[in-house]
Amino acid sequence: MLTINVAVLLAVVVFFRLRRRTESRSRFDEKMTVVIVLALGMLLAPTPVGQGVLTFLGQLTSGVTQASR
């Protein structure tokens, strides 16, 4: 039996939705993309990958803040 990780499936959907031209999108299409990206974020947040991204972004923002002082 083949199992599909929902986060991977949503990442693929987001990738293909964002490849489309911006001019051809309707407002509903843009809102749907935002909802899908938020769902992907909710699925990735509790995972080790999500925690790693959070740590990386925290270090990046900390470095930028210290550099601007």
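Numbering starts at 1 and runs along the sequence shown.
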Which residue pairs satisfy the salt bridge (charged side-chain N to carboxylate O under 4.0 Å, His left out) criterion with at least one member in residues 8-17, sequence neighbours excluded? R17-D29
Polar side-chain atom of Q51 near backbone of P46 as donor-acceptor pair, under 3.5 Å: no
Please check: side-chain N/O of T61 versus main-chain N/O of L57, any donor-acceptor pairing under 3.5 Å? yes
Are V53 and L40 joined in one hydrophobic group, where the rule is that I, L, V, M, F, W and Y side chains link up if heavy atoms are under 4.5 Å apart? no
Say you draw a straight line from OG1 of T65 to CG of L60; how long is it, rounded to the nearest 0.5 Å? 9.0 Å
Can you get from M32 to V37 by hopping between Ile, Leu, Val, Met, Phe, Trp and Tyr side chains that sit under 4.5 Å apart? yes
Should L18 and V13 be counted in the same cluster of Ile, Leu, Val, Met, Phe, Trp and Tyr side chains packed under 4.5 Å apart? yes
